[in-house]
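Bear in mind the structure is a predicted one, so any value in this text is a computation, not a measurement. Labels below follow one simple rule: chain letters A, B, ... track the order of the sequence lines, proteins then strands, and each chain is numbered from 1.
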2 protein chains.
Amino acid sequence: MRATVKDVAKLAGVSPKTVSNVINGVVFVRPETRARVEQALSELDYVPNMSARGLRNGRSGMIGLALPDLLRPYSAEVTHLVVELAHQRGWGVQIQQTAAEPQREFDLLSKARAHLVDGLILNPINLDDSAVMTAGPLPPVVLVGDVEQDVVSQVTIDNVAAARDLTQHLLDQGFRRIAAVGTPEPASRKVGGSTDAPGTAAARLRTDGYHEALEAAGIPPDPELEIALDSWSPEGAAAATGRFLEGHEPPDAFFCFTDTIAIGTLSALWTAGVAVPGTSAVAGFDNILESRFVVPPLTTVDFDRREFVQSALDLLAERMGGNDAKPRRVVVPHRIIPRASTAR
Amino acid sequence: MRATVKDVAKLAGVSPKTVSNVINGVVFVRPETRARVEQALSELDYVPNMSARGLRNGRSGMIGLALPDLLRPYSAEVTHLVVELAHQRGWGVQIQQTAAEPQREFDLLSKARAHLVDGLILNPINLDDSAVMTAGPLPPVVLVGDVEQDVVSQVTIDNVAAARDLTQHLLDQGFRRIAAVGTPEPASRKVGGSTDAPGTAAARLRTDGYHEALEAAGIPPDPELEIALDSWSPEGAAAATGRFLEGHEPPDAFFCFTDTIAIGTLSALWTAGVAVPGTSAVAGFDNILESRFVVPPLTTVDFDRREFVQSALDLLAERMGGNDAKPRRVVVPHRIIPRASTAR
DNA sequence: TTGAAAGCGATACCAT
DNA sequence: ATGGTATCGCTTTCAA
């Protein structure tokens, strides 16, 4: 059986309270008492029982992280940073994937209220389905990503501006016929009751920015050049781009709504024998680690992911501190990284 | 204040025990009693306190997952599967990254003994530093990956055979001068006290397989063709491959010890203007999702990741079930996926 | 500064 | 089938 504070107290000849004081190091303990307790602590190889501590304190020392799809390199980068930066604050991270069923978000909310996690970082697919819009008291929650709301704190980038800037970069390169890959399903094709494809909120905002830039350049958006995807994956992008190329001349450029999509599009173009750069250009979004190393290196939208995650944790800490101030919204700046994939 | 079993019991006019019985649904409860309790449950929006339950039951319903580096697409795939398959068993997943400091493995072990997690899936970098080799009783642990041990259960692939098979594939394609990227630092270059580079155990085993295949073909391994890396990353691989190309003619083929490495090597070859396939071939290891979509599509070693993770969870469940049988070892089969990157 | 005792919330044993 | 009660391990009043 594992040692408890009582065992330690008995061995050290003190009371459980004193042991607790030593462990938590808040009040002053006489050095010799402290030494005796520490001796007993290590002698018995004492490990505190977190469940008991959590029950007593009402805090678990863990936060939850809910991402739509853990499979993507982007998710890996976010997870990596959340784990590292949360660790610095002494928090553990429980991870959850929500794309499979929106229900999962509610599960996590429940777990939060069940005191299994003290707070939540949530990347909702779209706000309508999101559990945060539910009635009732919320645990500390911070949203990352694209949905529009002011119920809880949020960290995001300006998707519309970023998409506009990237499209502008393509226009500046002299490209006129610019396809967008990852746009939302056209309304006409939406079937009632079906779940939206992943990334819907981002898809809409990025499409808006793309349209704005085109229109500002006097180019009417062409629905034929908007390629919707079942999923924001290389598979989906390669398949959709391949089908597109069967029915259309290669456009001057493809604006892919994530780098992961761009990898699929590049693959389809390679298969079809379309030169990149040369015949078509390709740009992505997110600046994942791999995008510098794909062939050709990928022009993309970058933002400081560490700052992004750090902000999320700051906001969460604010909430967890019992701060009832108005939810805050942090917008992390972005910039275009031009690389060979959009060279002329 | 949130409702407790007591509150529910009072409202339903029953005892806490009955409420517990209804919630956990083990023993029979009279339908009308059950109905009253369920009514009260939802009326008070009851959420069980996991800390309390954990304290009482000695189980938290969570498992820990410790990977060296969460940043890699491979880690993302493993994490994705662990979360999904653990969810099916009703387990939550707490995630930890260990490459930064080996210390972290001990932290997780501690957390396990602190009953914050009921079991652990550990991918140790190398066994020497691993916390599982420490003395003392271990919580339920399953190792995934490459180290040789028989202290705890383990799921792995046959790295030596896989590397041999892949090298043989390259030989079969007619390549003779085959470089390996990701080999362990030569012993002479190891500085005392410095931490091993990530993936050391795998690096050694894959190097062994590579050597075996070469020797079987009558080709003496050439240390000049063994390219060590600081880290198994695209950056590291691109830099090392670039340096290699400055001093050497391009070899017939590069055997990269992960797909992530291969992406970096492909990038460096592209930058140097070396045709792939054509002048050099490139092969990877792991068959990450992206490898089918890189340019050119990457020959690699595949194994069923779902089976891999499912086995790990099976083994863990065995341990967590209090089974004290001998640790088991599951070897998941592998196969070579030939793609364009090693075409002649 | 330290000790004694109560209590966090859920569950299991022992009754009935 | 259900109720009373002790208990898990820790922290925190309240006293001394």
Side-chain angles (χ1 to χ4, degrees), chain A residues 1-41 44-62 110-118, chain B residues 1-41 44-62 90 110-118 139:
Chain A
M1 206 45 211
R2 251 204 2 269
T4 75
V5 276
K6 257 186 202 156
D7 303 325
V8 176
K10 193 179 299 175
L11 180 57
V14 299
S15 83
K17 172 62 164 66
T18 306
V19 176
S20 177
N21 282 342
V22 169
I23 291 170
N24 297 299
V26 281
V27 295
F28 189 82
V29 180
R30 200 154 20 118
E32 60 224 56
T33 313
R34 162 179 297 273
R36 269 215 321 274
V37 171
E38 275 166 352
Q39 166 70 21
L41 241 25
L44 294 175
D45 193 21
Y46 172 79
V47 180
N49 182 320
M50 290 312 201
S51 294
R53 181 177 287 177
L55 173 58
R56 184 65 236 215
N57 295 346
R59 287 182 303 99
S60 66
M62 297 219 310
S110 270
K111 279 193 181 161
R113 291 189 297 145
H115 282 264
L116 226 162
V117 294
D118 301 331
Chain B
M1 205 46 216
R2 252 201 6 266
T4 73
V5 277
K6 258 185 199 154
D7 303 325
V8 175
K10 193 179 297 174
L11 180 59
V14 298
S15 84
K17 177 57 167 64
T18 305
V19 175
S20 176
N21 283 340
V22 169
I23 292 168
N24 297 299
V26 281
V27 296
F28 191 81
V29 180
R30 206 165 4 130
E32 60 224 57
T33 314
R34 164 179 297 272
R36 270 215 322 274
V37 171
E38 275 166 352
Q39 166 69 21
L41 241 26
L44 295 176
D45 192 22
Y46 172 79
V47 180
N49 182 320
M50 290 311 202
S51 295
R53 184 177 284 178
L55 173 57
R56 181 64 238 209
N57 294 344
R59 287 181 303 100
S60 66
M62 297 220 308
S110 269
K111 279 193 179 158
R113 291 189 296 147
H115 283 262
L116 228 162
V117 295
D118 301 331

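- Computed from coordinates, the A:K10 NZ to D:dG9 P distance equals 13 Å when rounded to whole Å.
- Taking for each of B:R34 and B:N57 the nucleotide of DNA chain D with the nearest heavy atom, the 5'-most of the two is the partner of B:R34.
- Under the 4.0 Å criterion applied to side-chain N and carboxylate O atoms, A:R36 and A:E32 are not assigned as salt-bridge partners.
- Nucleotides of DNA chain C nearest to A:P16 and B:N24 differ in position, and the one nearer the 5' end is that of A:P16.
- Of the two residues contacting DNA chain C, namely A:G13 and B:A52, the nearest-nucleotide position lying further toward the 5' end is that of A:G13.
- The distance from atom CD of A:E32 to atom P of C:dT1 is 12 Å, rounded to the nearest whole Å.
- Atom pair B:R53:CZ and C:dG9:P shows a separation of 14 Å (rounding to whole Å applied).
- In this structure, the CD1 atom of B:I23 is 12 Å from the P atom of C:dA12, given to the nearest Å.
- As judged by a 4.0 angstrom heavy-atom cut-off over every strand, A:V19 is placed among residues making no nucleic acid contact.
- Look at CG on A:N49: it is 6 Å from C1' on D:dG9, rounded to the nearest Å.
- Dashed line: the shortest gap from a side-chain N or O of A:T4 to OP1 or OP2 of D:dG9 is not under 4.0 Å.
- A close approach under 4.0 Å does occur between a side-chain nitrogen or oxygen of B:T33 and OP1 or OP2 of D:dT2.
- Between A:S51 and D:dC10, a side-chain N or O to OP1/OP2 separation shorter than 4.0 Å is absent.
- For A:T18, counting side-chain heavy atoms from C-beta on, the closest listed nucleotide (D:dT2, C:dG3, C:dT11) is C:dG3.
- Checking the phosphate oxygens (OP1, OP2) of C:dG3, a side-chain nitrogen or oxygen of A:S15 falls inside 4.0 Å.
- Using a 4.5 Å cut-off on side-chain heavy atoms (C-beta onward), A:L44 and A:L11 make contact.
- The separation between B:K6 atom NZ and C:dA10 atom P is 10 Å, rounded to whole Å.
- Ranking C:dG3, D:dT7, D:dG3 by closeness to the B:R56 side chain, first place goes to D:dT7.
- Closest to the B:Y46 side chain, of the nucleotides D:dG3, C:dT2, C:dA10, is C:dA10.
- In this structure, the separation between CE on A:M50 and CE on A:M62 is 10.0 Å, given to the nearest 0.5 Å.
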* Under the side-chain contact (heavy atoms from CB on, under 4.5 Å) criterion, do A:L41 and A:I23 qualify, and how do the steps go? -> CA-CA 9 Å; A:L41 241 25; A:I23 291 170; 4.2 Å; yes
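- A heavy-atom distance below 4.5 Å is not found between the side chains of A:E38 and A:T33.
- If you measure from atom CZ of A:R30 to atom C1' of C:dT2, you get 9 Å, rounded to the nearest angstrom.
- Taking every side-chain heavy atom of A:P48 into account, D:dC10 is the closest of D:dC10, D:dG4, C:dA10.
- Between the CG atom of B:L55 and the C1' atom of C:dC8 there is a distance of 9 Å, given to the nearest Å.
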